[in-house]
Student: 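Below is one structure. I have some questions about it.
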Amino acid sequence: MPELPEVETVMRGLKPVLEGRRIEGVLQRRKDLRFPLPENFSARLEGRRVLGLARRAKYILASIEGGDCLLIHLGMTGRFTVLEQGGGKRGIGEFYYEGEPVPDGEGPHDHVVFAIEGGQRVVYNDPRRFGMMDLFPEADAISHKLLQGIGVEPLGNEFSASTLANAFHGKKAPLKAALLDQRIVAGLGNIYVCEAMFRARLSPRRKAGTLTGRRADPRRLDDLVRHIRDILNEAITAGGSTLQDFAQTDGSPGTFQQRFQVYDREGAPCSTAGCTGHIRRIVQSGRSTFFCPVCQK
DNA sequence: CGGGACTCCTGCCAGC
DNA sequence: TGCTGGCAGGAGTCCC
């Protein structure tokens, strides 16, 4: 599910609930998500305060009192819902505890529940269990297996046409695959890559390396960088994209899906002014790509 | 080494 | 109506 804008939305939703608050209890209903949860996960969190929340790529990092870092990835279907004290409808679907106290162990796929000082509950739900959580000393974050080698933040200052030029130089992989590679740009996923390539009028099939070098038009990478930034910022403002069931931490859906120009729009007429093309779906490295074969070159 | 296929898991939906 | 196959926002691992 969640790409950078959705993870950012979730992180921002959790901030006021978690920052500065103590974790009073952790209910862990499974030994593992995608990977085993760390040893003594609950015990190492209980009684500690959350000092701060941040996002890196598609990861949420929580700084825990005492020096640990809680690392979270939502995978495809991971979701956090905040339940207010005493229950009530704060989420969607199975989190409907109208008028009754939140019971301890209900909804299918509610794998981890954090009970927070003040009575709120932060519920992690993940049907497919492609998400993960890890807990390790904050000092080890730089060398953490999952964090090392991650590329530049596309909304940060270091992201530029020259960053992309360096990464793309000599690359034979299709542009689509290169943009999905988290070692190059951190946080892009299938939706926003398709949308950004459309705005930049770049073909997903073009070899990434053809955008660099003497014969390449440098404006094309400038455009791509600008469109990636724009689309991510617009999506964050819209609270992300909701396809089937993504929700913000208060249960409300994102709205950016209303502005998709290519994603999941196979057969639709291209929205570029004057273009007579229609959106096509192809499969690249096992994943759907949506694009206009007429105006994306 | 780079690039692509396969894999994990559940739910949903189109098509028969 | 009910089953089946395909597909889904990710990414680590394996193989060529």
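Each chain gets a letter, A, B and so on, in the order its sequence line appears, and its residues count up from 1.
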Student: Below the 4.0 Å mark, does B:dC1 have OP1 or OP2 next to a side-chain nitrogen or oxygen of A:K172?
Tutor: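 For B:dC1, neither OP1 nor OP2 has a side-chain N or O of A:K172 closer than 4.0 Å.
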Student: For atom P, what is the distance between C:dC7 and B:dA5, given to the nearest Å?
Tutor: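 Taking atom P in both C:dC7 and B:dA5, they lie 14 Å apart.
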Student: For A:H169, does the NE2 atom have more than 12 heavy-atom neighbours from other residues, nucleotides or ligands under 6.0 Å away?
Tutor: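 Open: at most 12 neighbouring heavy atoms sit under 6.0 Å from NE2 of A:H169.
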Student: Give one of base, sugar-phosphate or nothing for A:K207, where a contact means two heavy atoms less than 4.0 Å apart.
Tutor: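 Answer is nothing: A:K207 stays at 4.0 Å or more from every strand.
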Student: Are A:Q182 and A:Y59 linked by a side-chain donor-acceptor pair shorter than 3.5 Å?
Tutor: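 A:Y59 and A:Q182 do not have a side-chain donor-acceptor pair below 3.5 Å.
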Student: Taking only the side-chain nitrogens and oxygens of A:R287, find out if one of them lies under 4.0 Å from OP1 or OP2 of C:dG9.
Tutor: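 For C:dG9, OP1 or OP2 has a side-chain N or O of A:R287 closer than 4.0 Å.
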Student: For C:dG9, take OP1 and OP2 only and decide whether either is under 4.0 Å from a side-chain N or O of A:Y263.
Tutor: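 Yes, such a contact exists.
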Student: Assign a letter to each nucleotide of nucleotides 7-15 of chain B from its 5' end: B, base within under 4.0 Å of a protein heavy atom; S, sugar-phosphate only; -, no contact.
Tutor: -BBBSS---
Student: Within this structure, what is the CE-to-P distance between A:M132 and C:dG12, rounded to whole angstrom?
Tutor: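 After rounding, the reported distance stands at 9 Å.
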Student: Closer than 4.0 angstrom, basic N to acidic O: yes or no for A:E3 and A:K58?
Tutor: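 Looking at A:E3 and A:K58, the cut-off is not met.
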Student: Determine: side-chain N/O of A:S288 to OP1/OP2 of C:dA8, distance under 4.0 Å, yes or no.
Tutor: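 Answer is yes, contact under 4.0 Å.
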Student: In plain terms, say whether A:E195 and A:R199 are close enough for a salt bridge, that is, a side-chain N and a carboxylate O under 4.0 Å apart.
Tutor: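 So A:E195 does not pair with A:R199 through a salt bridge.
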Student: Any idea which of C:dG9, B:dA5, C:dT13 is nearest the A:I191 side chain?
Tutor: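 The answer is C:dG9, which lies nearest to the side chain.
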Student: Would you kindly give the CD-to-C1' distance between A:Q182 and C:dG9, to the nearest whole Å?
Tutor: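 To the nearest whole Å, that distance equals 12 Å.
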Student: So, using side-chain hydrogen bond (donor to acceptor under 3.5 Å, both in side chains) as the criterion, who are the partners of A:T272 when residues are at least two apart?
Tutor: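 Listed in chain order: nothing, the list is empty.
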Student: Would you call the rings of A:F260 and A:Y192 parallel, tilted or perpendicular if under 30° counts as parallel and over 60° as perpendicular?
Tutor: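 The rings of A:F260 and A:Y192 stand perpendicular, inter-plane angle above 60°.
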Student: Is the closest side-chain donor-acceptor distance between A:R281 and A:S288 under 3.5 Å?
Tutor: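 Side chains of A:R281 and A:S288: pair found under 3.5 Å.
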Student: Nearest to the side chain of A:R281 - C:dA11, B:dG3, C:dA8?
Tutor: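 Nearest to the side chain of A:R281 among the choices is C:dA8.
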Student: Starting at atom CG of A:L179, determine the distance to atom C1' of C:dA11, rounded to an integer number of angstrom.
Tutor: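 To the nearest whole Å, that distance equals 16 Å.
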Student: How far, in whole Å, is C:dG6 from B:dC6 if one measures between their P atoms?
Tutor: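 Approximately 14 Å lies between the P atom of B:dC6 and that of C:dG6.
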Student: So what's the dot-bracket for DNA chain B: Watson-Crick or G-U pairs under 3.5 Å, [ ] if a pair crosses, | if it pairs off-strand?
Tutor: .|||||||.|||||||
Student: Rounding to an integer number of angstrom, what distance separates B:dG11 and C:dG12 when you compare their P atoms?
Tutor: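 The same atom, P, in both gives a distance of 24 Å.
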Student: Please enumerate all residues that pass side-chain hydrogen bond (donor to acceptor under 3.5 Å, both in side chains) together with A:T163, with sequence neighbours excluded.
Tutor: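 If we apply the side-chain hydrogen bond (donor to acceptor under 3.5 Å, both in side chains) test to A:T163, skipping adjacent residues, the hits are A:S160.
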Student: Would you call the rings of A:F290 and A:Y263 parallel, tilted or perpendicular if under 30° counts as parallel and over 60° as perpendicular?
Tutor: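 Perpendicular.
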Student: Please determine whether a side-chain nitrogen or oxygen atom of A:H73 lies at a distance below 4.0 Å from atom OP1 or OP2 of C:dG10.
Tutor: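 Result: no.
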Student: To the nearest Å, how far apart are A:K176 NZ and C:dG9 C1'?
Tutor: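 About 12 Å, once rounded to whole Å.
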Student: B:dG3 phosphate, OP1 or OP2: any side-chain N/O from A:K171 under 4.0 angstrom?
Tutor: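 For B:dG3, OP1 or OP2 has a side-chain N or O of A:K171 closer than 4.0 Å.
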Student: Students often get this wrong, so: under 4.0 angstrom with heavy atoms, is A:F256 touching a base, only sugar-phosphate, or nothing?
Tutor: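 If one applies the 4.0 Å heavy-atom cut-off, A:F256 turns out to touch nothing in the nucleic acid.
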Student: Rounded off to whole Å, could you give me the CD-to-P distance for the A:E6 and C:dG10 pair?
Tutor: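 That distance rounds to 9 Å.
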Student: Could you check how far CD1 of A:I60 sits from C1' of C:dG9, rounded to whole Å?
Tutor: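 About 14 Å, once rounded to whole Å.
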Student: List in chain and number order the residues that pass salt bridge (Lys or Arg N to Asp or Glu O under 4.0 Å) with A:R226, two or more places apart in sequence or in another chain; answer none if no residue qualifies.
Tutor: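 Per chain and number, A:R226 pairs via salt bridge (Lys or Arg N to Asp or Glu O under 4.0 Å) with A:D223.
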Student: On the nucleotide C:dA11, are OP1 or OP2 found under 4.0 Å from the side-chain N or O atoms that A:K58 carries?
Tutor: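 Indeed, a polar side-chain atom of A:K58 lies that close.
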Student: To the nearest angstrom, how far is A:R183 atom CZ from B:dG4 atom P?
Tutor: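 For the pair A:R183 CZ and B:dG4 P, the rounded distance is 12 Å.
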Student: From CG of A:L180 over to P of C:dA11, roughly how many Å is that when rounded to an integer?
Tutor: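 So the two atoms are 9 Å apart, to the nearest Å.
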Student: With a cut-off of 3.5 Å and sequence neighbours excluded, list every side-chain donor-acceptor pair involving residues 141-152 of chain A.
Tutor:
unit_1 : atom_1 : unit_2 : atom_2 : d
A:S143 : OG     : A:D140 : O      : 3.2
A:H144 : ND1    : A:L146 : N      : 3.0
A:H144 : NE2    : A:D134 : OD2    : 2.8

